[in-house]
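Worth knowing before you read on, the calculation uses all heavy atoms, side chains too, and leaves out hydrogens, waters and symmetry mates.
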Amino acid sequence: QKELQKTIEAIKKDKISTVFYPKEFVVLSSQKMVTVRGSFHTYFGHDKVPVVVEKTFELLYQRGPHGVILVKEFREKAHEV
């Protein structure tokens with residue numbers, strides 16, 4: 001909890017903002033997983049040019065009652081160099 005609060009304070013103090021632009025989705029129904037690849041942009045202060053990093057995220061899900069889809073896990077997949 002304290003680490004999260006420190007991160008929140010640093011983001012506010014340094015005026016950091018981020019946005020993720022998805023480029024590709026892969027749905028693996030049998031594994032109940034969606035893989036999303038895209039570019040992650042980070043802006044610092046009033047800089048107009050972001051730091052851009054390619055990222056891949058995996059979202060694991062399960063089906064709930066009445067057709068609701070529940071997110072079980074959301075994680076970043078390490079990029080291979």
Side-chain angles (χ1 to χ4, degrees):
Q1 183 75 4
K2 288 182 182 181
E3 285 299 315
L4 180 59
Q5 189 61 38
K6 285 182 184 180
T7 302
I8 291 169
E9 289 170 11
I11 288 171
K12 288 180 180 179
K13 178 181 167 255
D14 297 333
K15 295 183 172 111
I16 298 170
S17 61
T18 60
V19 62
F20 179 71
Y21 294 103
K23 295 179 183 175
E24 179 183 2
F25 296 88
V26 177
V27 179
L28 301 171
S29 298
S30 62
Q31 296 177 4
K32 295 185 178 174
M33 181 170 70
V34 177
T35 301
V36 183
R37 187 182 63 78
S39 59
F40 192 82
H41 297 227
T42 304
Y43 296 87
F44 296 93
H46 297 289
D47 289 349
K48 301 234 185 269
V49 179
V51 175
V52 180
V53 178
E54 292 297 312
K55 291 192 178 233
T56 302
F57 295 99
E58 293 178 333
L59 186 139
L60 300 164
Y61 65 90
Q62 69 183 30
R63 293 186 184 271
H66 309 292
V68 174
I69 295 177
L70 305 168
V71 176
K72 285 179 57 176
E73 190 174 341
F74 182 82
R75 60 185 178 217
E76 182 178 351
K77 186 176 177 183
H79 277 278
E80 299 167 1
V81 179

Query raised in the report: Does atom CZ of Arg63 have more than 12 heavy-atom neighbours from other groups under 6.0 Å away?
Result: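 12 or below, so no.
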Requested in this report: State which residues pass side-chain hydrogen bond (donor to acceptor under 3.5 Å, both in side chains) with Gln31; sequence neighbours excluded, sorted by chain then number.
Outcome: none
Query raised in the report: What pair of heavy atoms forms the shortest contact from Val36 to Pro22, and how long is it?
Result: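 The pair with the smallest heavy-atom distance is CG1-CB, 3.7 Å.
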Rounded at 0.5 Å granularity, tell me how far [atom1] in [X] sits from [atom2] in [Y].
X     : Y     : atom1 : atom2 : value
Glu58 : Leu28 : CD    : CG    : 9.0 Å
Leu59 : Phe25 : CG    : CZ    : 10.5 Å
Lys6  : Glu9  : NZ    : CD    : 9.0 Å
Ile8  : Lys13 : CD1   : NZ    : 15.5 Å

Query - Path from Phe74 to Val34 over hydrophobic side-chain contacts below 4.5 Å - result: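 As far as the 4.5 Å side-chain criterion goes, Val34 and Phe74 are connected within one cluster.
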Requested in this report: Please go through Val68's hydrophobic cluster and name the other residues, only I, L, V, M, F, W, Y counting, with side-chain heavy atoms under 4.5 Å joining them.
Outcome: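 When side chains under 4.5 Å apart are linked, the cluster holding Val68 also contains Leu70.
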Requested in this report: If a pair satisfies ring pair (Phe, Tyr, Trp, His ring centres under 6.0 Å) and one of its residues is in residues 26-47, list it, with sequence neighbours excluded.
Outcome: Tyr21-His41
Do [X] and [Y] have side chains that get closer than 4.5 Å, going by heavy atoms?
X     : Y     : answer
Ser39 : Val52 : yes
Arg75 : Leu60 : yes
Ser29 : Val27 : yes
Glu54 : Lys23 : yes
Val49 : Asp47 : no
Glu76 : Phe57 : yes

Query raised in the report: Would Val26 and Glu24 satisfy side-chain contact (heavy atoms from CB on, under 4.5 Å), going step by step from the backbone distance to the final call?
Result: CA-CA 7 Å; Val26 177; Glu24 179 183 2; 3.9 Å; yes
